[in-house]
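Here is the structure we will look at.
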Number of protein chains: 2
Amino acid sequence: MNRVASSTSPGARLTPDERRAELIDAVLRCIMRDGHLGLSVRTVCQEAGVSAGLLAHHFNGKEELIKEAYRKLTKDLFIQLLAILDEASEPVAQLRLYVDSFFRPPMLDKDYLKVWLGFWSLSQQKAEIATLRNEVNSKYVKILEQLITQSINRLDIPNVNARLAAFGLSALMDGLWLEWSLNPKSFSPEEANQICQCWVDSLIAGELKRIR
Amino acid sequence: MNRVASSTSPGARLTPDERRAELIDAVLRCIMRDGHLGLSVRTVCQEAGVSAGLLAHHFNGKEELIKEAYRKLTKDLFIQLLAILDEASEPVAQLRLYVDSFFRPPMLDKDYLKVWLGFWSLSQQKAEIATLRNEVNSKYVKILEQLITQSINRLDIPNVNARLAAFGLSALMDGLWLEWSLNPKSFSPEEANQICQCWVDSLIAGELKRIR
DNA sequence: GCCTCTGTTGTACAATTGTACAATAGAGGC
DNA sequence: GCCTCTATTGTACAATTGTACAACAGAGGC
């Protein structure tokens, strides 16, 4: 059995935590390379440079590995976002940064779509995955809602429904991200950013009059 | 072998076109029920009430069946959309109807997400499916772009980039549709419609100033 | 009423899947 | 240096997959 991607030598003993982390990294690499279709335990273990039987020793089956991988990825991306928001102190500037980071690497990588499609597909069958996704997504929307609330308070914009505005902006970003991932030739990331920033313009100008 | 869903009796001979249509209907029912994961030739054929070997006689493999099902579904939905747009004569009203129809049954059915996830997943591996999706999607965006162009011409709104506005509105609808499909509890279809109509409000008021 | 054509059936087959499990080997305690 | 513990290996196994193909049967031409 030839190793492929791991940097440790074959047969090396790792801490359970270390090995679990390597398997999680491996499954994410596999999905980003091949998509979630055709993902097999053997492929993942080969990518991790370990024998196929090892997965059962560290995870309670393939599905749990995928779930943990989803946990890890969303956690990392969330930390990245918080770091980016930390670069500004004013809510409006933070809102701009939020949008901006969405359409730049490393956030904008068309291989991420494969990962998301895998999780979404699984969430249609496993309620636990669906619940996890809903929790993660609501965290993102809540941040948007907070930033919007703070922005309109500071700028004295009356009667804005921050919850709906947050869902709208979140959906606008997601929709543009999705379409770009499916077909990067349809528009440029800069254009997508422009469209979203335009929504923010209207929002902080008090022009989104029906959302209140 | 017991039949399940078809209305014809077992062993009945159908025209190739009829049988192909029944298989296409069956595979769509299967995906909407079980998702694209776990979709098997045997399941589809059982749903269609025919033997498993028949698929190979009418289609050049499982993948071609799925591709034809995608063709059929998108064609049907497109015809539905055109019929809806026909209910109005003015571009602004048609734009409103377009958005409105997106967040009402039969367009808004959370089981459609399973179908779309299946096609998108496949499009990540098969270039032919990806090309097909891009063609279909660009037809939808082109309609939006036309309606937007006609609207701003009629209302004398200066300097609007109809192409970007169309991508934006399309993404906003898709994003809201996606999030609602993944989690119908996050917001109501009426709220989603409200958010999109608000975008149209701003657009035809000439307020989306950065999109030009 | 037979013949031909072909839609349909049932099965066989190789390939791949996820998982369980006995055997192995390497690291740390003493 | 031995002993114990367990991370790791390799394999076996049942289940499921997509597809090919020989056999069957029913409808239409004549």
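Treat the numbers as computed from the prediction; the structure is a model and nothing was measured. A, B, ... follow the sequence lines: proteins, then strands. Residue 1 opens every chain.
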Test applied, side-chain contact (heavy atoms from CB on, under 4.5 Å); reference residue, Phe102(B); option that passes from Asp174(B), Leu81(B), Leu176(B), Leu172(B): Asp174(B)

For Leu54(A) and Leu55(B), take the nucleotide of DNA chain C holding the closest heavy atom to each; which residue's nucleotide lies nearer the 5' end? Leu55(B)

Just checking Leu39(B): base, sugar-phosphate only, or nothing, at a heavy-atom cut-off of under 4.0 Å? sugar-phosphate

With a 4.0 Å cutoff (strictly under), does any side-chain N or O of Ser40(B) reach OP1 or OP2 of dT17(D)? yes

Can you classify the ring geometry of Tyr98(A) versus Tyr140(A) as parallel (below 30°), tilted (30 to 60°) or perpendicular (above 60°)? perpendicular

Exercise: identify the closest heavy-atom pair between Lys110(B) and Gln124(A): O-NE2, 4.4 Å

Report the distance from atom CD of Gln46(A) to atom C1' of dG10(D), rounded to the nearest whole Å. 15 Å

Please determine whether a side-chain nitrogen or oxygen atom of Arg19(A) lies at a distance below 4.0 Å from atom OP1 or OP2 of dT8(D). yes

Considering only dG7(C), dA7(D), dT19(C), which nucleotide approaches the side chain of Val41(A) most closely? dT19(C)

Closest to the Ser51(B) side chain, choosing from dT17(C), dG7(C), dT9(C): dT9(C)

Using atom CZ of Arg42(A) as one end and atom P of dT9(D) as the other, report the distance to the nearest whole Å. 14 Å

Nearest to the Leu14(A) side chain among dG10(C), dT6(C), dT8(D), which nucleotide is it? dT8(D)

Gln197(A) and Asn193(A) side chains, donor-acceptor separation under 3.5 Å: yes

dT6(D) base / Arg13(A) side chain donor-acceptor hit below 3.5 Å: yes

Separation of dT9(C) atom P from Leu23(B) atom CG, nearest Å, is 10 Å

Starting at the 5' end of DNA chain D and moving along, which residue's nearest nucleotide shows up first, Thr15(A) or Gly61(B)? Thr15(A)

Contact under 4.0 Å: His57(A) side-chain N or O vs dA7(D) OP1/OP2: yes

